[in-house]
Number of protein chains: 2
Amino acid sequence: MSRADQPLHGDQPVTNRRERARLRREEIILIASELFAERGYRGTALADVAARAGITEPGLLHHFGNKAGLLLAVIERRDLDSEAFAMELLGMEPADRLRALPEFARRNRERAGLAKLFTVLVAESLEPDAPGHDHFVARYRALRAIVADTIRSAQEEGLTRAGLDPETKAAEIIATLDGLQTQWLLDPEAVDIVAAVESYARTLERDLTGT
Amino acid sequence: MSRADQPLHGDQPVTNRRERARLRREEIILIASELFAERGYRGTALADVAARAGITEPGLLHHFGNKAGLLLAVIERRDLDSEAFAMELLGMEPADRLRALPEFARRNRERAGLAKLFTVLVAESLEPDAPGHDHFVARYRALRAIVADTIRSAQEEGLTRAGLDPETKAAEIIATLDGLQTQWLLDPEAVDIVAAVESYARTLERDLTGT
DNA sequence: CCTAACTTACTTAGTGCTCGGTAAGTGAGT
DNA sequence: ACTCACTTACCGAGCACTAAGTAAGTTAGG
């Protein structure tokens, strides 16, 4: 009834059919993300994803070609979310970025699935010929570069002591956050991820400023 | 020909048959460790392990009951190695323990398989009903307790500043080492694990002493 | 000391199930 | 007329695991 249901007259190619297919793919990717996080890529059968999505297995493969294609689609989609966060961080003053870390942890805690997805997939991608390997290698290199650049510019502004190597410190920061997340995912009752990250942010501030 | 080939007279029950079986199990565990590290628990078929060990699949199951039994045997065996290292650390003066970290990293670098095994298995054990879950939960709790105790006693001796919470700091230290290891396993060319751990040990010393 | 009974470390053969993937349509949009 | 998002039907391979036997080593009894 409403205009939104119908394609507009003709000023834009509102391809209703393609749009519906795109939404369907998005839905499938979301479902696959959850399952991959819970059982890993190898532990998840296409049939599991298909059943939850209310589609047949060949229907699934029609959209993604094969199982690895589905994995790559999942990774790509989830990277968009992370990229959005990275952009958010880069938009801040360097001094404020540290303070954003606990907020990041808080957000991750509410969506444990996403965190689990990456932890599981990275571990399954350690071998060079794993389907997601190259992607995660590139991802970590980019992440380290972003953090290292942040440190470098903070050094130039005199906010951070000059004695440390930005690349090494970047790897260390990412490692700590990843590692805390893993411990929390394994044993949420024993590890308070938000408190741990808050504490680490303070440690890091002392470390970076040299006070 | 030599006496060693024959059972001794009778003062000890030198059960030749049992001993050979034990050695066989050890050999299988070693092979399974390698495969689990490379392809994960789920990604490894019993047939793969059996083939490399020169035994049939049912022969394998005769020793370990089922696949999960093999996994637990692998974890248990590898924990003995880690425990040996923990004991070594605990035998040192608290002040020397920090200096042992790079040596630990150096050792792990030479045997990347062991490191990879744990990274992969922990990720596969995040879900509470995974076969290794309880084991890794207990392992991390024990590890955190050991490190926290070390910090606590260093505080009592005045070697470490009083203002930090030992439990939280323990989780942070373990997280950093784990996270660095993961980055290195994923991309050995981009991450120098020994240099990174050396740098972190210095960071940590400043952090703990408050200088 | 010899041998019969038992235990143990396997093997061969096979089972039922699940897996990712394909071939060949169908029917509704465009 | 054509495309495209599917479905039904199917496939061969691989999976963990079992049943049943075998041969060698170990132990107990006479």
Side-chain angles (χ1 to χ4, degrees), chain A residues 5-29 31-32 35-36 39-74 124 129-132, chain B residues 5-29 31-32 35-36 39-74 124 129-132:
Chain A
D5 290 2
Q6 302 293 93
L8 310 176
H9 19 71
D11 49 2
Q12 265 191 331
V14 180
T15 49
N16 200 324
R17 190 128 143 281
R18 281 191 192 175
E19 182 58 15
R20 273 204 305 153
R22 207 189 54 81
L23 288 174
R24 196 72 197 268
R25 267 192 292 271
E26 282 288 306
E27 193 195 338
I28 292 169
I29 286 171
I31 289 164
L35 288 171
F36 286 169
R39 315 179 199 176
Y41 170 67
R42 286 185 184 124
T44 304
L46 286 181
D48 299 339
V49 182
R52 275 217 210 169
I55 199 176
T56 58
E57 251 178 283
L60 234 183
L61 291 169
H62 168 72
H63 286 294
F64 302 98
N66 55 31
K67 198 189 178 187
L70 175 59
L71 174 65
L72 293 181
V74 163
E124 280 184 307
D129 55 347
Chain B
D5 290 2
Q6 302 292 94
L8 310 175
H9 20 68
D11 49 1
Q12 264 191 331
V14 179
T15 49
N16 200 324
R17 191 130 142 280
R18 280 191 192 176
E19 181 60 14
R20 272 202 307 151
R22 205 188 57 81
L23 288 175
R24 192 68 194 242
R25 267 192 292 270
E26 282 288 306
E27 192 194 339
I28 292 170
I29 286 171
I31 288 163
L35 288 171
F36 287 169
R39 315 179 197 176
Y41 171 66
R42 284 195 263 248
T44 303
L46 286 181
D48 299 339
V49 182
R52 275 218 209 168
I55 198 176
T56 58
E57 253 179 279
L60 234 183
L61 290 168
H62 168 72
H63 286 294
F64 301 99
N66 56 30
K67 199 189 176 186
L70 175 59
L71 174 66
L72 293 181
V74 163
E124 281 185 306
D129 55 348

**Prompt:** Rounded to the nearest 0.5 Å, what separation is found between the CD atom of B/Glu57 and the CG atom of B/Leu61?
**Reply:** 7.0 Å

**B/Arg17 CZ - C/dT7 P separation (whole Å)** = 11 Å

**Request:** Rounded to the nearest angstrom, tell me the gap between atom CZ in B/Arg22 and atom P in C/dT8.
**Result:** 17 Å

**Request:** Look at the side-chain N and O atoms of A/Thr56 and state whether any lies under 4.0 Å from the OP1 or OP2 oxygen of D/dT7.
**Result:** yes

**Asked** Could you give the NZ-to-P distance, from B/Lys67 to D/dT18, as a whole number of Å?
**Response** 15 Å

**Request:** For A/Leu61, report the nucleic acid contact type (base, sugar-phosphate, nothing); a contact means any heavy atom under 4.0 Å.
**Result:** base

**Request:** Can you figure out which of D/dC15, C/dA9, D/dC6 approaches the side chain of B/Ala21 most closely?
**Result:** C/dA9

**Asked** Given D/dC15, C/dC10, D/dG25, which nucleotide is nearest the side-chain atoms of B/Arg20?
**Response** D/dG25

**Asked** Rounded to the Å, how far apart are B/Leu46 CG and D/dA13 P?
**Response** 20 Å

**Request:** Rounded off to whole Å, could you give me the CZ-to-C1' distance for the B/Arg42 and C/dC19 pair?
**Result:** 15 Å

**Asked** Under 4.0 Å: is that the gap between some side-chain N or O of A/His62 and OP1 or OP2 of D/dA5?
**Response** yes

**Item:** Phosphate OP1/OP2 of C/dA9: any B/Arg18 side-chain N/O under 4.0 Å
**Value:** no

**Message:** Distance check needed: C/dT11 P versus B/Ile55 CD1, whole Å only.
**Reply:** 5 Å

**Request:** Please report, rounded to the nearest Å, how far the P atom of D/dC4 is from the NE2 atom of A/His63.
**Result:** 13 Å

**Message:** Distance check needed: D/dC15 P versus B/Glu57 CD, whole Å only.
**Reply:** 8 Å

**Request:** Please round to the nearest 0.5 Å and tell me the distance separating atom CG of A/Leu46 and atom CG of A/Leu35.
**Result:** 11.0 Å

**Message:** When you measure from the side chain of A/Glu124 to the backbone of A/Arg42, do you find a donor-acceptor pair of N or O atoms at a distance under 3.5 Å?
**Reply:** yes

**Asked** Any donor and acceptor pair, going by atom type alone, linking the side chain of B/Arg24 with main-chain N or O of B/Ala53 inside 3.5 Å?
**Response** yes

**Item:** Among B/Leu72, B/Val74, B/Ile29, the one residue meeting side chain to side chain contact (heavy atoms under 4.5 Å, CB included) with B/Phe64
**Value:** B/Ile29

